[in-house]
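Heads up: the structure comes next, in structure tokens.
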Protein chains: 2
Amino acid sequence: MKKRVTIADIARELNITPATVSRALSNHPEISAATKKVVQEAAEKLDYNRNKIASSLRSGRTNVIGVLIPTAEHIFFGSVIHGISNIASKNGYDILIYQSNESQQFEKKGIDAFISARVDGILASIAKDTTDFSHFTYAKAQNIPIAFFDRVNNNLGIPSITIDDYRGAYLATESLIKEGYTRIAHITGPQHIQTFKNRVRGYRDALQDYQLPALEEWVYEGNVSVEAGREGASVLLSLTNPPDAIVAVEDFTALGVLKELKQRNIPVPQQFGVFGFCNDMFGEHITPSLSTIDQQTVLMGEEAFKMMHELIQYNGAATGVLSKVLQPIPVIRESSRKTSKP
Amino acid sequence: MKKRVTIADIARELNITPATVSRALSNHPEISAATKKVVQEAAEKLDYNRNKIASSLRSGRTNVIGVLIPTAEHIFFGSVIHGISNIASKNGYDILIYQSNESQQFEKKGIDAFISARVDGILASIAKDTTDFSHFTYAKAQNIPIAFFDRVNNNLGIPSITIDDYRGAYLATESLIKEGYTRIAHITGPQHIQTFKNRVRGYRDALQDYQLPALEEWVYEGNVSVEAGREGASVLLSLTNPPDAIVAVEDFTALGVLKELKQRNIPVPQQFGVFGFCNDMFGEHITPSLSTIDQQTVLMGEEAFKMMHELIQYNGAATGVLSKVLQPIPVIRESSRKTSKP
DNA sequence: CTGTTAGCGCATTCAA
DNA sequence: TTGAATGCGCTAACAG
């Protein structure tokens, strides 16, 4: 094991003190340009690489953000991480990843790991299973800046960044209405999850605003999956008063709806409209292509980092940082275009 | 900022020395069970949380693995990270993520960040742009265990974990042959990438083994995308001697092929067979559903961590750890099933 | 502008 | 089995 070069080595080489080297390398304002230059060159020459561990221990800051996600296997979170990670790198932060796998127990472990690692802040998206949120308030009590993204809890006094699910569902429903569909149903997910609840509200309010019927039985609650989409569509189409369009809670659910419709030979969009939610990559390429709501995942990641960055800067001081809501963007494709052809 | 509890606090509380506390908490064999118990309880009571930074500085080990990926926006890498991260957590390791965004420059920065963070090991998947690999050999020279996954370079003496791309393409081609297709073409990606090159070889060898024609013009080199699939299919179908099946380099490329065929009203699989590569989630749900090669991404992540774990253990000592190749798994669906119906 | 001094919290050597 | 002493590499307060 080759011994690593330290600032002491550079100091010795140049006959100055380690403190000066440290300051020069951190671009401290009170160091002369000449010294900085010499130190830089010596560092380069000796192949010096700052030991962040020692630096962190001394300074009390790690420049690491802990990111807690339910799973990296879902492209939604990959996309958010993409956003977080890129802007974080640009600002000199590293990203520690932990997966809860939708379990409260692992989520708690993740928070503990972050605290142990002395991360400067935590960005978290809550697991489906979580009912006890004390690990989050604990982190907050430890004075670690924390913010939620996408899967949030508004009762903990923790800032968050989300997209406006209510508005997304509203826009989807409204788009179908404007295309001429009049009996619009909704397939949603488990209602203990805020996100899905908000979408139901947006869907309902759109119908009400346009004075269209909003039958109780037109809201089908399933799991979020292709299968749920099929089953939901099947149930809805078997009603005595079946709908002529469906707003699905998510793109794969919408895909299930499309499959069921195809099997029943119901032409989309001519006789039936379908709207998804997520803007997953495949939607653009299936037939008919899927209208959906874009969730701006990368932007969400970037905004999440920015918020965290501010929280870190102003921690302790009173701060104006509050929750932020991103606007969903309707992406209208074939599956909902009853009137005009593409 | 509440002062954090340290081992000194615990020591004071119990009238023993910090050294003993440290040993007790690390479950050192030479500490009495009684002391361990008392220390554990005091730690719990005082809400002690080990400072990994200080521990790392002293011990020289961080228990952090740096994972370098091209982008988190591709589900393939998300899936591998899922595999790495879960097994890493189980073994007490944290995961630091860095994205190269397919750029050599950022890749280099990532390696530097990892070295600065004093990670115990690096798992990397090479960027498309990378032509100079010195940052990898540099890390290795610094005595940091490093291994590649999926996107590898075999000329650096760095172990790697891949799936057998050659065999994957061979199996895809063979499957088409056994279904009765006889004029099989291939749409591949940039040939400076080993992965794609190997798939071309697998494709060619299958044709040869079954004594089928392998025209030079039946291999179309494009970018890896839906558009490349469309274009490749278009070019191949315009040949005076067009194929009756295509092995695509990847699922989205296969999707492009399917779109082009649909537009030309060529029935799949009856008159034309299509095979993808990746087993992306959408493939199961499109029409016709897509035959493809599963790359065992989660397993790849798990095996990557296991390999890294061994490298870390035996670093310095001569080690038997070599590259590992995972077996691809054909997933046969409608798009290639000429003979039998599902 | 630079040097001196001190210590972040822990793990490890050597002694007892 | 435990205590005492040391230092990992760096940064920050205080001097000069």
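Letters A, B, ... are given to chains in the order of the sequence lines, protein chains preceding strands, and every chain is numbered from 1. Remember, predicted model here, so these are calculated numbers, not experimental data.
Of the residues in residues 28-42 of chain B, none has a non-hydrogen atom less than 4.0 angstrom from any atom of DNA chain C.
Tested against A:His135 for a side-chain hydrogen bond (donor to acceptor under 3.5 Å, both in side chains), the candidates A:Lys140, A:Glu107, A:Gln105, A:Lys108 yield a single pass: A:Glu107. Tested against B:Tyr48 for a side-chain contact (heavy atoms from CB on, under 4.5 Å), the candidates B:Val39, B:Val21, B:Leu25 yield a single pass: B:Leu25.
Residues passing the ring-ring contact (aromatic ring centres under 6.0 Å, His included) test with B:Phe305, sequence neighbours excluded: B:Tyr93, B:His309.
Nucleotide D:dG16 holds its C1' atom 17 Å from the CD1 atom of A:Ile16, rounded to whole Å. For the pair B:Asn27 CG and C:dT12 P, the interatomic distance rounds to 14 Å; values are reported in whole Å.
Rounding to the nearest 0.5 Å gives a distance of 9.5 Å between CG of A:Asn51 and OG1 of A:Thr6.
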What's touching nucleotides 9-11 of chain C from the protein side, N or O pairs under 3.5 Å?
from, atom 1, to, atom 2, distance (Å)
C:dG9, N2, B:Ala54, O, 3.4
C:dC10, OP1, B:Tyr48, OH, 2.5
C:dC10, OP1, B:Asn51, N, 3.4
C:dC10, OP2, B:Ile7, N, 2.7
C:dA11, OP1, B:Arg50, NH1, 2.6
C:dA11, OP1, B:Ser55, OG, 3.2
C:dA11, OP2, B:Ser22, OG, 2.6
C:dA11, N3, B:Arg58, NH1, 2.3

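Between B:Lys306 and B:Glu302 there is no salt bridge, since no side-chain nitrogen of the basic residue lies less than 4.0 Å from a carboxylate oxygen of the acidic one.
Contact annotation: the side chain of A:Glu13 approaches that of A:Lys45 to within less than 4.5 Å [non-hydrogen atoms, C-beta and beyond].
No hydrogens or angles considered: a donor-acceptor pair under 3.5 Å links the side chains of A:Ser134 and A:Asp132.
Taking only side-chain nitrogens and oxygens, B:Thr20 never comes nearer than 4.0 Å to OP1 or OP2 of D:dT2.
Environment of NZ in B:Lys109: sparse, with no more than 12 heavy atoms of neighbouring residues, nucleotides or ligands closer than 6.0 Å.
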